[in-house]
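Each chain gets a letter, A, B and so on, in the order its sequence line appears, and its residues count up from 1. A quick note: this is a predicted structure, and the numbers were derived from the prediction, not measured.
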Amino acid sequence: MSIYDTLNDKQRMGVETTEGPVLLLAGAGSGKTRVLTHRIAYLLEEEGVSPWNILAITFTNKAAKEMRDRVDRLVGYGSEQIWVATFHATCVRILRRYADRLGYDNNFTIYDTDDQKSVMKDICKKLNIDTKMFKERAILGAISSAKDELISPMQYAMDAFGDFQKRKISEAYTEYQNTLKKNNAMDFDDLIVKTVELFKSCPEVLAQYQNRFRYIMVDEYQDTNTAQFELVRLLAEQYRNLCVVGDDDQSIYKFRGANIRNILDFEDTYPEATVIKLEQNYRSMGNILAAANAVISNNRGRKGKKLWTAESEGSRLHLRQFDTAQEEAAFIAEDIRSKNREGEASYGDCAVLYRTNAQARLLEERMVVLGIPYTVVGGQNFYGRKEIKDVLAYLKTIDNGRDDVAVKRIINIPKRGIGSTSIAKVQAYADAQEMSFYDALCRTEEIPGLGKAAAKIAPFVTLIQGFRSKVDYYGLEGLLKDLIQMTEYEEYLKENEEEPEDRIENVQELVNKVITYEAEHDQPTLGEFLEEVALVAEIDNVKDDVNRVLLMTLHSAKGLEFPHVYLAGMEDGVFPSYMNITSDNREDLEEERRLAYVGITRAMKDLTLTCAKSRMIHGQTQYNMMSRFVKEIPDELLDRSKPKPRFSEEEVISAYSHTFAQRPVYDYRPKAVPKPKETATAVKPFVSQGIGDLNKIVGISKGIGGAKSGLEYGVGDRVSHIKFGEGTVLSVQEDPRDYKVTVVFDKAGQKVMYASFAKLRKI
DNA sequence: TAGTTGGGTTTTTTT
DNA sequence: AACCCAACTA
């Protein structure tokens, strides 16, 4: 009996065909990850391949980690030597060694969307581009698309010759790349593009990696773009042992440059390829699969395959239409609660999927009202918060003084009396002398017309220099703590931001994050920490062992599965989105349909489709018809019964009475020098009252439903933390997104932390 | 320079 | 509805 005996014939073929190119067309739920992990195990155990010679590229860090864990369980050794990472992480790792060959420092910074935008803003000003006509976003979008296709600024300029609009974009593109290089920074797209560039300009570097990666596997191949394809092609050129796994029906990232032709034309690029189709689905009940097949069969551009299951039909899909989006959200929350009470499903078995992040709000409100523990994936990323970005900008400045964006972000935070006029003067000097913004700051006495502002800049420079000289001496944790203290950042938050307590806690959370990072790495460096932080996706932080309902977009849900799934907002105009209905490109609608296919196939046992006749979008009420995708599902698969009231009247009413609907509308903008107390009483109570209610409700529902808090530990339990050691849980507080845990550590004292970040263990 | 106000725009999806 | 930005005022 070997570990391979549990595989079906096709899966086994995928595992054992290790030589040459392989295209594994793996339908949803067909055990694709199993094949990949067993394939790696097979290479190691049966073929005697060194783990060092294997490269596996995944779509998210979460998937990478999961793959490593599963390989670990199969073979029990050597898995840490296998290179398993996302495209971006892979490229960063290579570039950290060789970026100098392209004229960057190896400690380059990674720019996120925000950083890109502020660079582009400056460029538009510099090039006199009218941002009314050409939006920064649009220009950046065009640049990103060009990079996805490996089109250099120079090539772009040549294509743009006769076209005014394109010429403008071309100028911006050229300037943008120059700025990034000057700042020693790369954006997400650059990571791929520059790696390809490196391989093309330095054959000896390429040869080294080609030689190392004798077996290459790429997951979610249908979502690779042209640049990523080229990267893989180059790496695999020598041994040609390239195994790509994907499902053309699940290609949903065209907007991000994914080129579906990569998978459709794989056999043209590699004529000797072995093609294996995995069509047996092990995830969903028959009716769910039938619905998915019916919907996707309306698409033309496909490889063509039909999923089947040995499972029984299961129950029909539920379809419910409501008058308003509020009622829809209320129904979903109530339905989940009743399933939980009746023991049909735990909260962690349920997921609510929707097309746009904005739809999360209403659902979230209802979850709060009913006291259902939930997690929203996506939306505002932890590292996207203002306070986190500020602190990170300090760290970036310390790490890489050439990163102008970071320096400018914090030069006047907290307020140092350095305004836009002074900044402009410094920038002008920096441009003239061809030096970085920070270097110019160091020579304020040479800058004309700065006057008194020079005296305000000097302490800032001293501050940064001070941190730099101390980094090696006191480590990252010390640096960060010192930084927060010296800048009096928390005081700044208290005086200038709404809800400063939450923000301060977020900053503390970042400190914990640094501590964890330092504890997990033998040779922690500031640069590496910043990089790790730059490449995390929201989904990477979701722990699936926590008993909570997950709310997320259909895109985020790719690759996941849940016993009970709700697809909310099944309306024309929402899903498929208005943009794609009006598009005259047939392919756009097909991509939406693939998204529907992804959504349906997430469900294992039970699938509920809901829609509303009216909902607010951008502050206006829209009236939508039921989604055309729902109509593509054969009627006999649907249960259209009226939503039956599951609760007594009073129960429903009492639940509604907690609604946030009466919450007064107020301006969230930071007030001018707010008197802290006053703000606290004027604004805070409504929010904290809501959360207070929530706590009560959670408590009640725990009592009634017997639901667990979703954490393995509770108040009074002894827990251990990777850095702080052992301690006792003082309190656990429900926060809309997470549990806030207060622990008194034996050595480190009292700390407040978020459960999902803190990784506490019960002992 | 800092803070206020009013007007205009929007992401649909994300490494 | 929420957010961002430019123009205006103290």
Side-chain angles (χ1 to χ4, degrees), chain A residues 57-64 85-92 110-114 116-118 121 131-132 135-138 141 144 147-148 186-192 220 223-225 227-228 251-258 353-359 361-362 377-381 383-384 386 412 415-424 451-453 456 495-496 531 534-540 552-558 569 573-581 583 588 591-592 594-595 598-599 615-621 665-674:
Chain A
I57 297 178
T58 58
F59 201 67
T60 61
N61 295 303
K62 187 174 188 248
T86 62
F87 268 106
H88 292 87
T90 300
C91 290
V92 170
I110 300 169
Y111 275 177
D112 68 10
T113 323
D114 261 22
Q116 290 179 288
K117 228 170 127 189
S118 64
K121 236 175 101 181
T131 51
K132 289 259 153 51
K135 300 266 153 51
E136 288 103 337
R137 286 198 65 82
S144 176
K147 288 182 181 177
D148 288 341
M186 297 196 198
D187 64 21
F188 285 127
D189 301 317
D190 281 339
L191 297 177
I192 316 287
E220 307 283 11
D223 285 321
T224 52
N225 62 33
Q228 290 164 333
S251 169
I252 54 173
Y253 282 103
K254 184 172 170 223
F255 72 94
R256 207 169 76 186
L353 312 181
Y354 37 79
R355 182 64 235 268
T356 66
N357 276 309
Q359 288 169 258
R361 172 164 294 140
L362 284 177
V377 179
Q380 172 75 300
N381 184 313
Y383 295 104
K386 213 190 302 172
N412 202 29
K415 304 226 156 48
R416 297 186 176 88
I418 305 167
S420 51
T421 328
S422 307
I423 291 173
K452 277 179 263 174
K456 293 173 180 162
E495 283 161 26
N496 294 279
E531 162 193 323
L535 295 178
V536 294
E538 192 74 1
I539 191 78
D540 296 335
M552 68 183 107
T553 62
L554 288 152
H555 283 87
S556 299
K558 192 175 73 154
V574 175
F575 184 32
S577 78
Y578 180 72
M579 298 276 282
N580 287 322
I581 291 177
S583 162
D588 288 341
E591 171 134 330
E592 290 281 294
R594 290 193 289 269
L595 197 51
V598 168
R615 76 171 63 229
M616 281 271 244
I617 294 170
H618 298 321
Q620 277 179 328
T621 306
V665 183
Y666 49 84
D667 202 340
Y668 270 100
R669 298 175 208 186
K671 296 280 180 300
V673 198

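For Tyr111(A), the ring pair (Phe, Tyr, Trp, His ring centres under 6.0 Å) criterion is met by no residue, not counting sequence neighbours. Scored by the ring pair (Phe, Tyr, Trp, His ring centres under 6.0 Å) test, His88(A) finds Phe188(A) as partners (sequence neighbours excluded). Take Ile617(A) and apply the side chain to side chain contact (heavy atoms under 4.5 Å, CB included) test, not counting sequence neighbours, and it matches Val574(A), Arg615(A), Gln622(A). Scanning for side chain to side chain contact (heavy atoms under 4.5 Å, CB included) contacts around Ser420(A) gives an empty result, with sequence neighbours left out. The ring pair (Phe, Tyr, Trp, His ring centres under 6.0 Å) test applied to Tyr578(A) returns no partner, not counting sequence neighbours.
With rounding to whole Å, Leu554(A) atom CG is found 19 Å from dT11(B) atom P. Rounding to whole angstrom units, CG of residue Asp223(A) and P of dT13(B) are separated by 16 Å. When the C1' atom of dT14(B) is taken as reference, atom CD of Glu591(A) falls 13 Å away, rounded to whole Å. The separation between Glu495(A) atom CD and dG3(B) atom P is 10 Å, rounded to whole Å. In this entry the distance linking CZ of Phe188(A) with P of dT13(B) reads 16 Å, nearest Å. Remark: C1' of dT13(B) and CZ of Arg594(A) are 13 Å apart, rounded to the nearest angstrom.
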Might you list the N or O atoms of the protein lying below 3.5 Å from N or O atoms in nucleotides 7-9 of chain C, with each pair's distance?
none

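For Tyr253(A), the side-chain atoms get nearest to dT14(B) when compared with the rest of dT12(B), dT14(B), dA1(C). In this structure, the nucleotide among dA1(C), dT13(B), dT11(B) sitting nearest to the side chain of Asn357(A) is dT13(B). In the set dA2(B), dT13(B), dT12(B), the nucleotide with an atom closest to the side chain of His618(A) is dT12(B).
Heavy-atom distances to DNA chain B give each of Ala453(A) and His88(A) a nearest nucleotide, and the one nearer the 5′ end belongs to Ala453(A). Nucleotides of DNA chain B nearest to Asp189(A) and Ser577(A) differ in position, and the one nearer the 5' end is that of Ser577(A).
Using a 4.0 Å cut-off, no side-chain N or O of Asn412(A) falls inside it from OP1 or OP2 of dT1(B).
A donor-acceptor contact under 3.5 angstrom links the side-chain atoms of Arg355(A) to the base of dT13(B).
The residue Lys415(A) sits close only to the backbone: its heavy atoms come under 4.0 Å of sugar-phosphate atoms, none of a base.
Here, dC4(C) and dT13(B) have their P atoms 15 Å apart, quoted to the whole Å.
By the 4.0 Å N-to-carboxylate-O rule, Asp148(A) lies too far from Arg256(A) to be salt-bridged with it.
Note that CZ of Phe575(A) is 11.0 Å distant from CD1 of Ile581(A), once rounded to the nearest 0.5 Å.
Look at Phe255(A) and the base of dT14(B); the rings do not stack under the cut-offs of 5.5 Å between centres and 30° between planes.
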